[in-house]
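For ligands, and for the atoms within them, numbers begin at 1 and follow the listed sequence.
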Amino acid sequence: MSQRTCLSVILAAGEGTRMKSAVPKVLHPIAGLPMVAHVVKAAEAAGSGDLALVIGHGADEMRKATQKFAPKAETFVQDKRLGTAHAVLAARDAISKGYDDILVMFGDTPLIDPEVLSAARLKLAGGAAVVVVGFRTSNPSGYGRLIEKGGKLIAIREEKDCTDEEKKITFCNGGLMAVAGKHALQLLDQVGNDNAKGEYYLTDIVEIAGGQGFDVVAAEAGFENVLGINNRAELAAAEGIWQARRRREAMLSGVSLIAPETVFFSYDTEIGADTIVEPNVWFGPGVTIATGARIHAFSHIEGATIASNCDVGPFARLRPGADLKQRAKVGNFCEVKQATVEEGAKVNHLTYIGDARVGAGANIGAGTITCNYDGYSKFFTDIGEGAFVGSNSSLVAPVTIGKGGYVASGSVITESVPDDALAFGRARQRTLPGKGKELRERFAAAAAARKKG
Ligand code: UD1
Ligand code: MG
């Protein structure tokens, strides 16, 4: 199979009006990745070396997005949407380069399993000219029906062109097809538009290929694989299915999820075995967690690297560039951004660490703030190994706290603190014996006088 060349043609020219969005439908994300990029990933996983994306609506935006998730894909514009066969032919230049296998997919079916694509390719390798991925449903309305005869697929009939008898068929076209590259163009070129919608139907190649004596087969797949997204309710449903799959995969790979249905992964989240994720945790893109970490409840984590045996949360926020080394702790109501928290360092309560390094074994007291921004630029705070920063301190960057440095609570530190030094950055305390009582009596008398007057 690996020797066979493969082009995937992904149709994404539709407007997706039912999304009611300024953003092209296929760019709406599932698990943080545009739905069409999920299709691209599946195609790549099934060994499709080359990709052709057929775009139309929002072409500029589509091209820009494609650069990010599929920089090697070629884009083709379908100016007028005259049907799925017409859309595939927009990629004629790519198809005519000559491939063993052509996969045709819709950009709005993000849950396609690469195994289904591989299975379809295998049937091409076995000599089929056209492979149609079908699914069974008790509610076939709106789908093209697969018409079989003697175990052979002889036609796909669109709902609008079906007889009442054909409408009863529950084996439907999922929209996904595999076509032998050497026949693809001649089959597509024969498709006409003499049907109820006046469109060039890709599905017509089934009958055309059969008429030429080619082998045409259906491959059955689970409904999820071909689930198309047309509105935001379906988008949320697909997200739910994706998350359920990913949670199961995480658990089977050794990650404990105490309440799996409350944990949300990103398309690229990586978590090592023996990590425990408590309820209500959100992973944005770019998170890598090694083994044995504990992510406590209600943490929000994106763009972060978490080494083994770290302890995060509850209610922690790790933002892009947060880099926690082994056994680091970031506790409740702490935010870490673009900062390294080195081995065994503790940032336990109510703290902001941004554009900083917290040295190994350092202890950051409750309410510490790295003041990294002056309204114009960002500055770095370097906290040395084993340093101790007392509670409620402001470290005004750029500033360095040396190795073993000690910052008194409530300090505003504007000058660097050398190794092993003790720094106070606060007003000296004055204590006046008896003055508390005197003050209270004075205030009470003043209040009484006001009441009388
Ligand atoms: C299509 C199939 C139908 C199948 C169903 C599964 C055809 C003729 N019908 O019907 O058998 O059961 O999908 O969901 O193929 N597109 C373009 N350009 C066009 C037309 C469509 O890019 O000119 C894209 C759309 O954006 C969409 C996809 O192709 O992503 C499918 O088009 P759609 O109009 O949704 O086809 P269906 O009527 O749903
Ligand atoms: Mg559709």
Side-chain angles (χ1 to χ4, degrees), residues 8-19 21 23-28 34-36 38-40 52-59 62 66 75-92 103-112 116 130-137 139-147 153 155-162 166-167 169-179 187-188 191-208 218-231 234-235 238:
S8 288
V9 181
I10 300 174
L11 307 190
E15 187 176 348
T17 43
R18 282 172 282 171
M19 293 300 279
S21 176
V23 177
K25 174 166 82 173
V26 297
L27 294 185
H28 283 261
M35 59 174 111
V36 61
H38 286 269
V39 179
V40 166
L53 223 75
V54 178
I55 58 176
H57 181 78
M62 284 294 299
T66 305
T75 50
F76 297 89
V77 175
Q78 184 197 20
D79 286 325
K80 282 189 195 152
R81 280 187 292 284
L82 301 181
T84 43
H86 181 260
V88 176
L89 279 171
R92 180 188 293 275
L103 289 172
V104 179
M105 284 170 274
F106 296 164
D108 61 0
T109 48
L111 300 178
I112 176 69
V116 171
V130 179
V131 183
V132 176
V133 176
F135 66 100
R136 290 186 198 277
T137 171
N139 182 15
S141 125
Y143 294 106
R145 308 297 204 279
L146 301 190
I147 318 267
L153 182 65
I156 302 177
R157 197 88 70 229
E158 291 307 299
E159 165 115 350
K160 283 192 174 167
D161 303 299
C162 278
E166 286 168 341
K167 276 187 187 152
I169 296 171
T170 54
F171 194 22
C172 296
N173 176 21
L176 225 150
M177 268 193 212
V179 186
L187 292 173
L188 287 160
V191 173
N193 65 349
D194 182 17
N195 52 52
K197 276 173 128 181
E199 284 187 4
Y200 294 87
Y201 288 161
L202 171 65
T203 45
D204 282 358
I205 69 169
V206 166
E207 232 169 323
I208 296 167
E220 191 174 339
F223 178 60
E224 288 172 10
N225 285 287
V226 293
L227 182 70
I229 313 275
N230 294 304
N231 58 45
E234 289 168 357
L235 180 70

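Listed by chain and number, the residues in a side chain to side chain donor-acceptor pair (under 3.5 Å) with Arg81 amount to none (sequence neighbours excluded). Residues satisfying the side chain to side chain donor-acceptor pair (under 3.5 Å) criterion with Asn173, sequence neighbours excluded, are absent altogether. In this structure Arg136 satisfies the salt bridge (Lys or Arg N to Asp or Glu O under 4.0 Å) test together with Glu220, sequence neighbours excluded.
The side-chain heavy atoms of Lys25 and Asn230, taken from C-beta on, include a pair separated by under 4.5 Å. In this structure, Pro110 and Ile229 have side chains that are in contact, with non-hydrogen atoms separated by less than 4.5 Å.
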Atom pairs and distances, ligand 1 N/O vs protein N/O under 3.5 Å:
from     : atom 1 : to     : atom 2 : distance (Å)
ligand 1 : 9 (N)  : Glu158 : OE1    : 3.0
ligand 1 : 9 (N)  : Glu158 : OE2    : 3.1
ligand 1 : 11 (O) : Gly144 : N      : 3.4
ligand 1 : 11 (O) : Glu158 : OE1    : 3.4
ligand 1 : 11 (O) : Glu158 : OE2    : 2.7
ligand 1 : 11 (O) : Asn173 : ND2    : 2.8
ligand 1 : 12 (O) : Gly144 : N      : 2.9
ligand 1 : 12 (O) : Asn173 : O      : 2.7
ligand 1 : 15 (O) : Thr84  : OG1    : 2.7
ligand 1 : 18 (N) : Gln78  : OE1    : 2.7
ligand 1 : 22 (O) : Ala13  : N      : 3.2
ligand 1 : 23 (O) : Gln78  : OE1    : 3.4
ligand 1 : 23 (O) : Gln78  : NE2    : 2.9
ligand 1 : 23 (O) : Leu82  : N      : 3.3
ligand 1 : 23 (O) : Gly83  : N      : 2.9
ligand 1 : 23 (O) : Gly83  : O      : 3.1
ligand 1 : 26 (O) : Gly14  : N      : 3.0

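Each of Arg145, Arg157, Lys160 was scored for a salt bridge (Lys or Arg N to Asp or Glu O under 4.0 Å) with Glu166, with one residue passing: Arg157.
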